[in-house]
Amino acid sequence: MSFVESEERQALRKAVGELGKKYGYAWFNQQARTGGHTTELWLEAGKLGYLGVNLPEEYGGGGGGMADLSIVLEELGAAGSPLLMMVVSPSICGTVISRFGTDEQKQRWLPGLADGTTIMAFAITEPDAGSNSHQITTTARRTDDGWSLSGRKVFISGLDVAQAVLVVGRTEDARTGKLKPALFIVPVDAPGVEFQQIEMDLISPDKQFSLFLDDVHLPREALVGAEEAALMQLFAGLNPERIMASAFAVGIARHALDKATAYVKERQVWKAPIGAHQGLAHPLAQIKIELELARLMMQKAAALYDAGDDLAAGEAANMAKYAAGEVAVRATDQAVQSLGGNGMTVEYGVASLVAAARATRIAPVSREMILNFVAQHSLGLPKSY
């Protein structure tokens, strides 16, 4: 891993940043407040090849890795136009299908995921399972021609814009009768699939849903990869999820910090800009330091994942997600404080970032579960749950 990005990645950052600024936070916020979507930006990013930079070239992708995809989301977020579904569609779903899918599944789904014409949601969380994925009850039973899938999922992003959803369910082991994890691609318009929007106190164009699966009949080829290897396949998708969640949070933090520093450089109440006072300068400087540290851990996690070291990438991705979520919360809160009363106005567009940043400490994995992971796996402490 080099601390100097290649010319190609520097060019990618610049190009994506220019695209993000073309739309910007004012446009993004307008979409969110009016019930609109980010489809226009999504499709342009896909057409330019940014959404599929991590996917194989033979299926329309860029042939890169998570380091490249995280750059795209970070720069869009820093420009005020973060695309939440990048955490899910090309990252989790694209990675799982490209690594474990059949040739037919790759040909069917990856080109659309790469150019943005297809969006795939991801469904793992359940009402009674929460962070305990071992308690998932969504179950697939074998039929003569495939599978029948039933269950319920909650807090599923983007079902209103997705064509399919990658569902984490369970199948019954014929030998033991025990349930084991399995991954299924489910078209959102399949009979028996219903979803209902969850009203959130977030200003975001991305909606959250409850997903209901009532005896959904699926063909045999809906199963992704090997049934007995589903747990490994699931975790192969969760590391990219954490890396991209870090990129999402880092982008928000950068955007908030940029707004705050620009304001305090110009705002003058006494004889000098308010940014000259340590009461504002020091918190912003501290956030800058914490932001750079989070970015470094995110880049380390992406480098390890792209190198094929899933175990080390898991530790780094969790740490990156923790650090990025923490600095996003601090950056948005300090941005509001730095702008004072203006920080609460729609015109300056800072207060609306607070809830989005706060969500990065909860999803897609909470800071407490990350601390559990680090305590157990990094420090070797006894399991607490």
Side-chain angles (χ1 to χ4, degrees), residues 6 8-9 11-12 15-16 19 38-39 41-73 75-76 83-123 157-159 161-168 182-190 218-227 229-230 232-244 247 302-303 305-308 310 313:
S6 65
E8 290 81 3
R9 284 183 175 162
L12 178 64
V16 174
L19 175 63
T38 54
T39 306
L41 171 56
W42 180 273
L43 290 175
E44 184 166 358
K47 183 178 180 181
L48 292 170
Y50 301 149
L51 296 183
V53 290
N54 64 311
L55 299 177
E57 289 182 286
E58 59 264 40
Y59 300 104
M66 292 309 304
D68 303 289
L69 192 64
S70 65
I71 285 173
V72 175
L73 183 53
E75 292 302 324
L76 289 175
L83 294 176
L84 177 62
M85 290 306 291
M86 283 192 65
V87 179
V88 178
S89 191
S91 176
I92 304 173
C93 302
T95 296
V96 168
I97 293 172
S98 63
R99 286 185 63 172
F100 303 107
T102 63
D103 289 340
E104 291 76 13
Q105 287 170 338
K106 293 175 185 178
Q107 293 168 4
R108 168 66 181 86
W109 297 107
L110 292 183
L113 296 181
D115 67 16
T117 56
T118 296
I119 296 177
M120 187 176 291
F122 177 67
S157 302
L159 285 174
V161 296
Q163 287 73 47
V165 53
L166 182 63
V167 175
V168 181
L183 305 178
F184 296 90
I185 299 175
V186 181
V188 296
D189 59 356
L218 300 170
R220 291 188 181 90
E221 56 268 24
L223 177 71
V224 178
E227 185 180 349
M232 178 185 70
Q233 296 165 184
L234 172 60
F235 285 115
L238 294 185
N239 283 341
E241 176 190 51
R242 283 148 176 68
I243 293 169
M244 291 298 287
Y305 184 83
D306 291 341
D310 287 342

Can you name the nearest heavy-atom pair linking [X] to [Y], along with the distance?
X: Val72; Y: Tyr50; result: CG2-O, 3.7 Å
X: Met66; Y: Ile243; result: CB-CD1, 4.4 Å
X: Glu241; Y: Ser91; result: N-OG, 3.8 Å

>> Among Val188, Ile97, Val165, which residue satisfies the side chain to side chain contact (heavy atoms under 4.5 Å, CB included) criterion with Met120?
In response: Ile97
Is there a donor-acceptor contact under 3.5 Å from the side chain of [X] to the main chain of [Y]?
X: Thr95; Y: Ile92; answer: no
X: Trp109; Y: Gly94; answer: no
X: Asn54; Y: Pro90; answer: yes
X: Gln233; Y: Phe100; answer: no
X: Asp306; Y: Ala67; answer: yes
X: Asp68; Y: Gly65; answer: yes
X: Ser6; Y: Arg9; answer: yes

Nearest-0.5 Å distance, [atom1] of residue [X] to [atom2] of residue [Y]:
X: Leu83; Y: Leu73; atom1: CG; atom2: CG; result: 7.0 Å
X: Ser98; Y: Glu58; atom1: OG; atom2: CD; result: 9.5 Å
X: Glu44; Y: Leu51; atom1: CD; atom2: CG; result: 10.5 Å
X: Leu223; Y: Phe184; atom1: CG; atom2: CZ; result: 5.0 Å

>> Closer than 4.0 angstrom, basic N to acidic O: yes or no for Asp103 and Arg108?
In response: no
> For Met244 and Leu69, what are the C-alpha separation, side-chain angles and deciding distance, and is it a side-chain contact (heavy atoms from CB on, under 4.5 Å)?
Replying inline: CA-CA 8 Å; Met244 291 298 287; Leu69 192 64; 3.6 Å; yes
> Does the side chain of Leu19 come within less than 4.5 Å of Leu48's, by heavy atoms?
Replying inline: yes
